[in-house]
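Worksheet for the structure shown next.
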Amino acid sequence: MKKYLKKYWLYTVLAPLFMIGEVLMDLIQPKMMSTIVDVGVLGIGNNGVPDLSLVIRTGLQMILLVAFGGFCGVMAGVFSNLSSQNLGNDMRKDVFRRTMMLSFQQTDQFTTGSLVTRVTNDITQIQNMVMQCIRGFVRNLMFFAGGIFCMATLDLSFGAVVACAFPIVLVCVAFFLSKVNPLFSQLQKKLDHVNSVMQENIAGARVVKAYVREEYEEERFGKANGDLVDTQLHILTLISFMSPIMNIVLNASAVAVIYVGSIRVQEGGVTPGNIMAAITYLSQILNSVMMFATIFQNISRGMASYRRLEEVLVCEPAIADGGGAKTDVKGKVEFRNASFSYPKSNGEAVLKKINLTVEPGETLGILGATGSGKSSLVQLIPRFYDVTDGQVLVDDVDVKDYKLKDLRSKVAITLQKSELYSETIRENLRWGNPKASNNEICRAAAAAQAEEFILRQPEGYDTMVAEKGMSLSGGQKQRLSIARALLKNAEILIMDDSTSALDLKTEAKLYEALKEGYPQVTRIVIAQRIASVKDANRIAVIDNGQIVDCGPHAYLMEHCEIYRDIYQSQLKGNPLEEEQKETVENE
């Protein structure tokens, strides 16, 4: 945390300095009030004659000192907020930056809800801790030490009252803090769970409604929220016991001061004004101890949050940059004995000894049953995951030797589930290339068969897209995602079942446009439908994590039993086959 505070050291120093000014003014006030009571009102030392001019003069001085103290308090608040808020701003950006660098497996381990809590609530707790330490620690330490000193200057017997009350207060504070501190980490975990449930339900709102599971999800959220509330109430209940006990000690101490003071007044050792001042100082001392309890509570909560943030900040990305290999632009992809297992899969291989080469400009189709490893295979190319054995090469260089930015600039990928953002259609497409001209945008949209429906939108390319693309159909979202990928001008285009929502006619036009407009691009097409990959240069058939055969459609129909079975189940005797044939002939 030092590195964050160091940047704002001036604010961090000025805040307590101004706080010292405010506290000094507060410590001076009781003695001045004592003078007003003893000399100005009771006339002690003046034969019992009140001194009105002293009351007015001292009262004006008190007003000026209060105003100065108020100014110092405001400035202390301003500088402590500048320090804590800027620290939180820097920390939040660092955590977000680190989160963006994490691999998929690390993001899954933290969970999305937990990461959201850490970037929001945990950093807020750290900001509160820093602000409390900068302001509250100095303030209460001065009230504690200064109050004891000032009481002792009034009369040593008052110090004896403080000496008796202080251990009781200290034991109470220590007891309650020992009970509360372990609960803060639990509280943040409960908040993680609430955020996770909330996020799942917002993202999957359509599924919840489609299956009429609102009541179930309300119960699930209620349970998560109930756990959070129970933990919070447990903490607040413990803290609520502390305040009355502190007030009992404070009031008992005030009674003791009055009792001791009355004896000393009779002895002529102190004055009534001294007793008033002593009660004020006692209040300041014991309140400072109570405030220390609050500060230590905030420190405990803040440190629990900081430890959670440190888990993210010190987490080294599992997928690290390579040495920065440079190659000519080709688009060749090769798998050499590549095997892969997902983390926490107990070593069960998803892909086994894959050997496959895709030449530049070639179209490779990948076909296989659900769960056969198709998507896992292509995710190894941009290093979303790393192989557990063997190699993946792009342009004859191991992908691990590239800098991630260089490698991923060579690859454009579109998924079955299209991710769009709350921007205009134009800005969504420009995610592929922020510097793309309008002509380039229109060309990519036309190739993706998206231009026609875009122009029908109220404001064309400047039409706003709803959150997650909810204002568009599945096919429209997929076509925009394909246009975005084309706009990237990458050498390798991966289409992971990204045309599943398109009809066969539109899909055929799309592949024809890609063939004519982007002949130099290496295309890897994953599909469930044979119609989607039938015209590819080669088709790799994957079964149980292995490539069982690879070749053109005609070759596979003759030599690959699995491919024939898929073909017959999908197309033989199916009117869709005739529709596709007619489409291809017409085109």
Side-chain angles (χ1 to χ4, degrees), residues 88 91-92 95-96 98-100 102-129 179-240 297-298 300-313 315 342-345 415-423 464-474 477:
M91 191 173 287
R92 190 173 286 111
V95 174
F96 182 79
R98 177 65 66 173
T99 301
M100 291 293 98
L102 297 178
S103 66
F104 289 166
Q105 68 190 67
Q106 291 170 308
T107 304
D108 294 342
Q109 287 170 356
F110 280 113
T111 76
T112 304
S114 179
L115 288 170
V116 170
T117 304
R118 293 173 202 237
V119 173
T120 53
N121 186 268
D122 280 319
I123 289 181
T124 299
Q125 297 303 330
I126 293 171
Q127 288 175 321
N128 291 337
M129 177 187 71
K179 296 294 183 182
V180 168
N181 288 351
L183 298 175
F184 289 129
S185 294
Q186 295 181 30
L187 184 67
Q188 296 306 104
K189 289 179 181 178
K190 303 289 186 186
L191 187 58
D192 286 348
H193 188 45
V194 169
N195 282 339
S196 293
V197 174
M198 187 72 181
Q199 187 222 3
E200 286 174 358
N201 276 276
I202 291 175
R206 294 189 178 188
V207 175
V208 173
K209 293 180 184 301
Y211 285 87
V212 197
R213 298 287 281 175
E214 290 91 343
E215 290 185 7
Y216 171 79
E217 289 302 326
E218 285 174 11
E219 289 178 8
R220 194 161 74 99
F221 180 80
K223 186 177 183 304
N225 195 50
D227 290 342
L228 174 65
V229 171
D230 289 343
T231 306
Q232 183 77 62
L233 281 175
H234 189 188
I235 293 172
L236 293 175
T237 300
L238 288 170
I239 294 172
S240 65
Q297 172 193 324
N298 284 330
S300 298
R301 188 166 188 175
M303 290 308 297
S305 292
Y306 183 71
R307 285 190 291 271
R308 284 162 50 84
L309 287 180
E310 248 189 341
E311 291 176 2
V312 180
L313 291 170
C315 184
Y342 281 104
K344 297 183 178 180
S345 64
L415 307 172
Q416 181 180 15
K417 183 182 178 182
S418 305
E419 294 290 345
L420 298 176
Y421 302 91
S422 301
E423 299 280 357
M464 287 295 297
V465 176
E467 184 180 6
K468 291 186 176 293
M470 293 299 183
S471 56
L472 301 171
S473 70
K477 287 191 287 186

Closest heavy-atom pair and its distance - Val194, Ala224: CG2-O, 3.5 Å
Minimum-distance pair of heavy atoms, taken over all atoms of Ala466 and Ser422: C-OG, 4.1 Å
Side-chain donor-acceptor contact under 3.5 Å, Ser114 with Arg118: yes
Distance, nearest 0.5 Å, that separates OG1 of Thr231 from CD of Gln188: 10.5 Å
Check against side-chain contact (heavy atoms from CB on, under 4.5 Å), Lys190 and Leu183: CA-CA 10 Å; Lys190 303 289 186 186; Leu183 298 175; over 6 Å; no
Separation between CG of Asn298 and CD of Gln127, rounded to the nearest 0.5 Å: 13.0 Å
side-chain contact (heavy atoms from CB on, under 4.5 Å) evaluation trace for Phe110 with Leu102: CA-CA 10 Å; Phe110 280 113; Leu102 297 178; 4.0 Å; yes
Distance (rounded to the nearest 0.5 Å) between Leu187 CG and Ile235 CD1: 4.5 Å
Tyr421, OH atom: more than 12 neighbouring heavy atoms under 6.0 Å: yes
Chi angles and distances behind the side-chain contact (heavy atoms from CB on, under 4.5 Å) call for Asn128, Arg301: CA-CA 9 Å; Asn128 291 337; Arg301 188 166 188 175; over 6 Å; no
Spacing of CE belonging to Met198 relative to CG belonging to Asn195, to within rounding of 0.5 Å: 9.0 Å
Heavy-atom side-chain proximity of Lys417 to Lys477 below 4.5 angstrom: no
side-chain contact (heavy atoms from CB on, under 4.5 Å) between Asp122 and Val95, intermediate numbers included: CA-CA 11 Å; Asp122 280 319; Val95 174; over 6 Å; no
Minimal non-hydrogen separation, Arg92 against Thr120, with atom names: NH2-O, 4.2 Å
Test item: Arg308 and Asp192 side chains (from C-beta on) under 4.5 Å apart, heavy atoms: yes
Gap between atom CD of Glu310 and atom CE of Met303 - 0.5 Å precision: 7.5 Å
Over all atoms of both residues, closest heavy-atom pair of Arg98 and Leu313: NE-O, 3.4 Å
Nearest-0.5 Å distance, CG of residue Leu228 to NZ of residue Lys223: 12.5 Å
